[in-house]
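Here is the structure we will look at, set down as structure tokens.
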Protein chains: 2
Amino acid sequence: MSLPHAILTALLERPSSGLELTRRFDRSIGYFWSATHQQIYRELGRLEADGAIRALAAEQPARGQKKRYEVLPAGRAELARWTAASQDPKPHRDVLLLRLRAAAVVGTAGVEADLRRHLDLHRRQLAEYEEIERRDFPPGRDSAQDRIQHLVLRAGIDLETFWTKWLTHALEELAALP
Amino acid sequence: MSLPHAILTALLERPSSGLELTRRFDRSIGYFWSATHQQIYRELGRLEADGAIRALAAEQPARGQKKRYEVLPAGRAELARWTAASQDPKPHRDVLLLRLRAAAVVGTAGVEADLRRHLDLHRRQLAEYEEIERRDFPPGRDSAQDRIQHLVLRAGIDLETFWTKWLTHALEELAALP
DNA sequence: GTCCACATGTAACTGGTTACATGATTGG
DNA sequence: CCAATCATGTAACCAGTTACATGTGGAC
């Protein structure tokens, strides 16, 4: 149950309409919690019904009309509760590792091309994160909020760095296979 | 659609019953593709209906009786096809990073305890992986299958190493917050 | 003969995905 | 006015989760 909390966080950062949220999920928040517009509209409806958010006044609820939402005190309280609550880490899933394990049994024919493609994708993502770091976190700024967001970005950068290194190594190993 | 392929891989490595598969998913394969016994039984039923696997003869299909499955040629072909096919990486989800981002907005009260708990869990997992590496991959063995499986294990070790480092750093940063 | 662990399942629910529908606004 | 784009939604489906049900075999 994390999507509603992702939306509450985004709306606290800035009140937005459904489509604006969708775009922001494609950029920053979506880097570690993605969502489609269908999910977002469904969840906005639930959050509004629960009294966690409300549509800003003077925005009529017609189809095709923008509707901006803001977080109500109940929503902020729920987000604070969720943030502080202890949560077990979800077991981690990775299709690529699963495919390699399958390749160990049925043969590696065909996997290398896709490993190369993934390597390229991770390199691009890494470059994007580093660009964000240069742009949004120049040395010297250190409000609490900046530091925490930088910390999260560093996790992204280090993870992408790991994957590029690992994929490079994996391609070398596959090439050298008996 | 990865669970059926995870099961096919496991069954090719060794024909097994549903509960044996469940146990193996709790250990090795489950490290990057977990599954509950309910999922596994459902999927075994589908794979059998599709002609990808079959129950070994002389094992009666009664409730409470062991039923061992083996992979049929059609199942092996499907696994090889899936392994070689190009697949886009799934957008990556991480609740802990989401919670930190929320904490940047609603305050960090309460998160530190859970970060410490996660750090401990990742340290244990890392130790477990390193133990497996010592036990199953001593220097010098290098069949193709060994090398690929070792590669997958190295990904696990490096990921856990990353998380322990990052969590340690995050705890220091939180402690030093204004 | 009863209890417990083993083993296989069923059913209901939840969250995420895919495909499609509908109205409003703007540029040509 | 027509097409493209913006914006909000509906519906059906599928995979994963949670709770529960049922039968077998061995230990005591």
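To find a chain, count down the sequence lines: A is the first, B the second, and so on, and within it residues start at 1.
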*When we call it a touch if two heavy atoms are under 4.0 Å apart, what does A:S17 touch: a base, just sugar-phosphate, or nothing?*
sugar-phosphate
*Please tell me if the side chains of A:D88 and B:R117 come closer than 4.5 Å, counting only heavy atoms from C-beta onward.*
yes
*asked:* Nearest whole Å is fine: how far is D:dG9 P from A:L44 CG?
replied: 8 Å
*For B:I40 and D:dT18, give me the distance from atom CD1 to atom P, rounded to whole Å.*
15 Å
*asked:* Whole angstroms only, please: what is the CG-P distance between B:D26 and C:dA7?
replied: 14 Å
*Report yes if a side-chain nitrogen or oxygen of B:K67 is closer than 4.0 Å to either non-bridging phosphate oxygen (OP1 or OP2) of C:dG9; otherwise report no.*
yes
*May I ask you to check whether A:S16 and A:R68 show a side-chain donor-acceptor distance below 3.5 Å?*
no
*Output the single nucleotide from C:dT8, C:dC20, C:dT10 whose closest atom is nearest the side chain of A:Q38.*
C:dC20
*asked:* Distance check needed: C:dA7 C1' versus B:F25 CZ, whole Å only.
replied: 17 Å
*Compare all side-chain heavy atoms of B:H92 with those of A:E160 and state whether any distance is below 4.5 angstrom.*
no
*Just how large is the angle between the end axes of the helix from C:dG1-D:dC28 to C:dG28-D:dC1, five pairs per end, to 10 degrees?*
0°
*If we only count heavy atoms from C-beta on, is the A:Y69 to A:R54 side-chain gap below 4.5 Å?*
no
_Output the rounded distance in Å from NE2 (B:H37) to P (D:dC20)._
13 Å
*Close side-chain approach of A:E133 and A:R154, heavy atoms under 4.5 Å*: yes
_Nearest-neighbour nucleotide for the A:Y41 side chain, C:dG9, C:dT18, D:dT8 considered_ = D:dT8
Atom pairs, N/O to N/O, protein against nucleotides 13-15 of chain D, distance under 3.5 Å?
{"from": "D:dA15", "atom 1": "OP2", "to": "B:R46", "atom 2": "NH1", "distance (Å)": "3.4"}

*Given side chains that start at C-beta, do those of B:L21 and B:Y41 come closer than 4.5 Å, heavy atoms only?*
no
*Look at the rings of A:H118 and A:H122 and say which category their plane angle falls in: under 30° parallel, 30 to 60° tilted, over 60° perpendicular.*
tilted
*Send over the distance from B:L21 CG to C:dA7 P, rounded to a whole Å.*
12 Å
*Min side-chain heavy-atom separation A:T83-A:T9 under 4.5 Å*: no
_Residue whose nearest DNA chain C nucleotide is more 5′ - B:P91 or B:Y69_ = B:Y69
_Parallel, tilted or perpendicular: which one describes the rings of A:Y129 and A:Y31, with boundaries at 30° and 60°?_
perpendicular
*In whole angstrom, what separates A:L19's CG from C:dT25's P?*
15 Å
